[in-house]
Structure formats: C-alpha cells, structure tokens
Amino acid sequence: MKKAPRGTRDILLQEAVKWQYLEEVFREMCFKYNFTEIRTPIFEESELFVRSVGEASDIIKKEMYVFKDRGGRELALRPEGTAGVTRAYLEHGLNHRAQPLKFFYFGPMFRYDRPQAGRQRQFYQMGIETFGTEDPAADVEIIKFTADLFAKLGFENLSLQINSVGCPQCRPSFQDYLRNFAREKESSLCPDCRQRMQTNPLRILDCKVLSCREAMQDAPALDSFLCPSCRESFEMVLKLLQALQIPYQVDPCLVRGLDYYTKTAFEFIFDALDTQNSLVGGGRYDHLVESCGGPYVPGVGMAAGVERILLAMEKENLWPAEDAPDGIFLAIDDPGLRGEGLLLLYQLRAQGLKAETDYLGRSLKAQMKYAHRHGFRYVVILGKEEKLHKKLKLRDLLQGEQQEVSPAELLKHFKS
RNA sequence: GUGGGUGUAGCUCAGCUGGUUAGAGCGCCAGGUUGUGGCCCUGGAGGCCGUGGGUUCGAGUCCCAUCACUCACCCCA
C-alpha cells in the first residue's frame with residue numbers, strides 16, 4: 001500500500017482542527033502586533049539559501065532538498081522562511097517604504113533529516129520578521145510576541161534562553177581565539193568537536209562529552225569579546241525584558257545554526273520534552289539583506305515549529321474544550337420524500353446552518369446514530385407520518401426532547 | 001549521516017520455548033425495538049501478521065535484506 005513519503009504526514013480530522021486553532025491564535029496575535037502576512041514560494045533558487053543560511057551549515061551541506069527543473073534551474077525547497085521573505089522584501093523594493101515593516105508567515109519547510117518525534121522532513125513553521133530597525137525594542141517585541149503567543153495557548157513552563165552572538169566586527173576574532181584555544185586541547189576533544197573546530201567552534205562550548213567540557217572549562221566567554229555596539233544592544237535587550245517582566249536565562253553557549261544571525265539570539269525551550277524541546281528559535285540578522293544583494297537593512301525575527309508546539313500542547317493538555325454538539329441532521333425515512341427533504345436541507349444551509357442528510361439509504365435508527373456520533377445536536381425527521389400531517393419531528397439529541405413543527409416553523413426556529 | 005528498539009484488524013494491543021481454521025477491547029455494519037441516538041445484549045464484516053528472500057516437514061514466532069515508525073547522537077523548529 002502506498003504511504004506518505006518518509007518524514008511527511010497527513011493532518012486530518014481532529015488533528016486538523018487543532019492546527020486550525022493554533023493558526024488562528026497565531027494570526028490574531030499577529031493582527032494585534034501589526035504583523036501582516038507574506039506568502040512566498042515554497043521553492044527558491046538554491047543560491048538564495050546557500051548565501052543566506054551559510055554554505056558551511058548543516059542545513060545546506062546535508063539537509064536541503066535541491067533539484068533542477070526542466071529548464072536547468074538550480075532550485076531548492078525552502079529549508080526555512082526568513083531567506084524567502086528577505087528576497088521578497090528586496091525584490092519588491094520594500095526598503096523604499098517607510099520602515100520598519102513587519103511580516104508574518106505560516107507554511108511548510110523542508111529538510112532532509114532523519115525523522116523522529118518533533119522532526120519531519122516536511123514541517124511547518126510560523127514566523128515573524130521585522131525589517132528596518134536596529135532598535136533593541138524590536139528584538140524585545142519579537143520575544144514578547146512569542147511569550148504572549150504561548151501564554152495565550154496556556155503554556156506556563158517555557159524558558160527563554162538568550163545570548164548575543166556578536167557581529168562581523170567582533171565574532172571572527174572570538175572564533176579565531178576559540179579555535180586556537182581548542183587546538184591546544186585537541187587531544188582531549190571528541191571527534192565531533194574536532195570537526196566543530198573548523199565549522200563552528202562556538203559549539204564546542206556546549207558539547208555534552210565530559211572530556212570536552214573539562215578541556216574547555218577555562219575558555220573565554222563570547223561576551224568578553226563583544227564590540228561596544230553589540231554589548232550595548234544586548235544590555236538594552238535584557239533591560240527591556242526586565243522592564244516587561246519577561247523572565248529569561250542568559251545562555252553564553254547559545255548558538256544559532258544559521259549563519260545570518262547577529263547580536264540577539266534566543267530560543268524558547270519546553271523543558272517537559274526531553275529532546276526536540278526547542279519550540280522557537282530567533283534573533284537578529286542585520287546583514288542578511290546585504291548578503292541577498294541589497295543595502296544595509298537590519299532585521300530581527302523568530303520561527304516557531306508548529307509540530308513541536310502541538311506536541312507540547314498535547315503533553316500539557318492545552319486544547320480548548322471540544323465544540324458542543326451543533327447543526328441539524330435531516331433524517332428522511334421514506335425514499336419518496338427525498339426531493340422535499342433535500343429542498344429543506346438546502347434551505348437550512350442557505351440560512352447559514354450546518355446541515356447534513358443521509359446518502360446511504362439507511363434506517364432511521366442508523367441515521368440518528370450517525371447524527372449523534374458526528375456531533376449534530378438536532379435531528380429533523382421526515383417520513384410518511386410527517387408527510388401525512390404536514391409536520392416534521394424536531395428532536396434535540398442533547399436534551400432528548402422532541403417536538404412537532406411545520407417546515408416553515410422549522411426554518412423560523414433556526415433563523416439567526 | 002551513526003548506533004539501538006519496534007512493525008499482528010480502521011485504532012490500542014495479546015499471541016508461551018516455531019506446531020492445525022491468528023485473538024481481545026474500542027470503532028464500523030446489522031439485529032434485539034415495524035419509524036427514534038446515547039446504556040445494555042446478540043451477530044457480522046474486516047488481517048497474504050510492514051515488504052522480499054532464506055532456514056525448516058511446518059514461520060506471526062528463527063535468520064538476512066529492505067521500507068516505515070521510534071529512541072539516542074549530529075543538527076535543528
């Protein structure tokens with residue numbers, strides 16, 4: 001039997017309702033914060049991601065879905081959302097409008113990775129981006145938005161981890177220093193960390209291997225290398241977080257996997273999940289527009305993993321109560337009355353009601369059972385007896401009460 | 001990409017050291033109720049036991065491969 005491709009899945013029935021709920025809460029929050037929607041293509045030129053995310057990153061090196069189309073173009077399914085939004089921002093000259101500009105998106109992303117809980121090959125992210133301001137208050141707005149979103153969903157135990165990853169002025173010197181420091185200890189580092197010395201020395205600092213921790217114990221922290229501008233910005237971010245009473249933990253080892261991040265980097269961690277507990281990642285990307293061939297335009301944003309949030313909500317039992325029974329099921333008990341019954345069905349629908357009928361020629365009993373199982377509150381019965389008296393039976397499945405009404409009375413009864 | 005676990009009905013799972021027609025609960029369908037859901041009772045449908053190969057007189061059970069899920073890494077949302 002055919003199955004959905006590895007790392008992909010179908011969202012249906014009750015699960016689809018949960019997705020709708022989450023998306024709705026997100027959209028409402030976006031409205032309040034004045035983020036407007038942007039929808040960008042699901043594939044872009046590969047080059048866009050290589051340049052923005054960074055060719056040395058794992059995402060580019062081993063996780064990107066790349067393909068050639070029939071015209072020989074080198075394309076890639078988007079592995080993340082910010083690059084496409086940035087490309088669109090530039091392509092449409094949005095940097096010429098009054099700044100800042102704020103966007104949100106919700107959609108599928110693709111990474112060729114080994115699937116497991118909270119990690120799919122096609123997964124969904126909802127994210128927000130602010131272009132055109134360096135103001136630390138913009139960083140804080142992104143964080144506050146995220147905190148508000150989770151509060152609205154009912155989360156209580158999320159932790160905000162924050163750090164500054166510096167900028168092209170100060171980060172390279174720290175990386176060089178760290179690389180040299182690590183090289184001296186190379187013999188006591190694990191194979192992964194030896195690799196990290198080349199690719200991302202910052203990551204050696206939070207390696208889980210004990211010998212690596214010990215070796216790097218006396219390594220300097222990034223914050224001692226921050227340039228005045230980065231330092232000032234970071235301090236202001238923390239100060240504003242305090243002013244807004246948003247609890248946070250500074251994690252000097254917090255690094256982002258995407259090269260474009262500068263200054264503020266943060267994550268929201270859900271501690272009750274042991275792995276894949278990072279629900280949201282975000283930060284500032286002041287040079288991303290430039291690396292896409294545009295002028296200097298600072299930016300800051302976040303991306304939230306939809307599947308992971310849903311997993312966390314499952315764990316915390318945060319779903320709103322199920323909808324109460326609603327709608328009308330029209331049970332037609334005599335095939336000869338179908339025309340008349342269907343007319344009534346469409347009249348009810350025309351009044352804006354959820355209405356349904358039977359399409360399998362089932363017994364009245366079976367029809368009522370179906371109505372009950374599928375969450376209808378009312379059953380309207382049309383059979384020989386009703387036809388004879390020009391009446392209908394209106395049964396309230398919730399109350400277990402039944403009354404006789406004429407078709408006109410029925411329509412009037414359900415008139416909003 | 002690396003290493004471990006699992007894979008039996010639509011769903012959740014049982015099936016002892018390989019041994020006749022593979023089971024349960026829930027769900028689905030029908031009947032008990034000549035027109036009336038829920039609770040209860042009865043019956044029914046539904047499984048090439050993930051797929052392919054091998055060992056054996058005989059494989060759901062053992063071996064290999066493969067696919068999928070899952071856990072831990074790498075990394076990330």
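Because the structure is a prediction, the values reported are computed rather than measured. Protein chains get the first letters and strands the later ones, always in sequence-line order, with residue 1 at the start of each.
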Q | Whole angstrom value for the distance that separates C1' of C39(B) from NE2 of His372(A) | A | 11 Å

Q: Round to the nearest Å and state the distance from Arg114(A) atom CZ to U70(B) atom P.
A: 11 Å

Q.
Would the distance check show the side chain of Ser291(A) and the main-chain N or O of His287(A) forming a donor-acceptor pair, the cut-off being under 3.5 Å?
A. yes

Q. If you look at every strand shown and take non-hydrogen atoms under 4.0 Å, does Arg196(A) touch a base, only sugar-phosphate, or nothing?
A. sugar-phosphate

Q: Give one of base, sugar-phosphate or nothing for Leu258(A), where a contact means two heavy atoms less than 4.0 Å apart.
A: sugar-phosphate

Q) In whole Å, what is the span from the NZ atom of Lys369(A) to the C1' atom of C40(B)? A) 12 Å

Q) Does the ring center of Tyr177(A) lie less than 6.0 Å from the ring center of Phe225(A)? A) yes

Q. Considering only side-chain heavy atoms of Leu364(A), which listed nucleotide, G35(B), G1(B), G32(B), is closest?
A. G35(B)

Q. Does Arg119(A) make a side-chain donor-acceptor contact with the base of A77(B), cut-off 3.5 Å?
A. no

Q: For Gln276(A) and A77(B), give me the distance from atom CD to atom P, rounded to whole Å.
A: 12 Å

Q.
What I want to check is whether an N or O donor and acceptor connect the side chain of Arg395(A) with the base of G37(B) at under 3.5 Å.
A. yes

Q) Mapping Glu63(A) and Arg362(A) to their closest nucleotides on RNA chain B, which lands nearer the 5' end? A) Arg362(A)

(Q) Does Glu401(A) reach a base, just sugar-phosphate, or nothing at all? Heavy atoms under 4.0 Å. (A) nothing

Q) CG of Asp113(A) versus C1' of U70(B): gap in Å, rounded? A) 15 Å

**Q.** Near-ring test Tyr33(A)/Phe104(A), centroid separation under 6.0 angstrom
**A.** no

Q. In Å, rounded to the nearest 0.5 Å, how long is the span from CG of Leu178(A) to CE of Met197(A)?
A. 10.0 Å

(Q) What I want to find out is whether Lys384(A) reaches Asp333(A) closely enough, with some N-O distance under 4.0 Å, to be called a salt bridge. (A) no

Q: Tell me what Ala304(A) touches on the nucleic acid: a base, only sugar-phosphate, or nothing, going by heavy atoms under 4.0 Å.
A: nothing

Q) Would Tyr378(A) and Phe414(A) count as a close aromatic pair, with their ring centres under 6.0 Å? A) yes

Q. Looking only at N and O atoms, is any donor in the side chain of Gln402(A) or the base of U36(B) less than 3.5 Å from an acceptor on the other one?
A. yes

Q: Under 4.0 Å between any heavy atoms, over every strand shown, what does Gly400(A) touch: base, sugar-phosphate, or nothing? Just pick one.
A: base

Q. Mapping Pro5(A) and Gly282(A) to their closest nucleotides on RNA chain B, which lands nearer the 5' end?
A. Pro5(A)

(Q) Taking CD in Gln169(A) as the centre, count heavy atoms belonging to other residues, nucleotides or ligands within less than 6.0 Å. Is the count above 12? (A) no

Q: Return no unless some side-chain N or O of Lys365(A) is found under 4.0 Å from OP1 or OP2 of G37(B).
A: yes

Q) Rounded to the Å, how far apart are Leu360(A) CG and A30(B) C1'? A) 14 Å

Q: Could you tell me whether Gly383(A) contacts a base, only the sugar-phosphate backbone, or nothing, with contacts defined as non-hydrogen atoms closer than 4.0 Å?
A: base

Q: Tell me what Gly7(A) touches on the nucleic acid: a base, only sugar-phosphate, or nothing, going by heavy atoms under 4.0 Å.
A: sugar-phosphate

Q. Counting any heavy atom closer than 4.0 Å, what does Asp333(A) reach on the DNA or RNA strands: base, sugar-phosphate only, or nothing?
A. base

Q. Atom CG of Asp58(A) to atom P of U2(B): distance rounded to whole Å?
A. 15 Å

Q. How would you label the contact of Ala117(A) with the nucleic acid (heavy atoms, under 4.0 Å): base, sugar-phosphate, or nothing?
A. sugar-phosphate

Q.
Quiz question: by atom type and distance under 3.5 Å, do the side chains of Gln122(A) and Thr8(A) form a donor-acceptor pair?
A. no

Q. Between Asp10(A) (CG) and G10(B) (C1'), how many Å, whole number?
A. 15 Å

Q) Which string of ( ) [ ] | and . matches RNA chain B, if you list each base 5' to 3' and count Watson-Crick or G-U pairs only when both distances are under 3.5 Å? A) (((((((..((((.....[...)))).(((((.......))))).....(((((..]....))))))))))))....

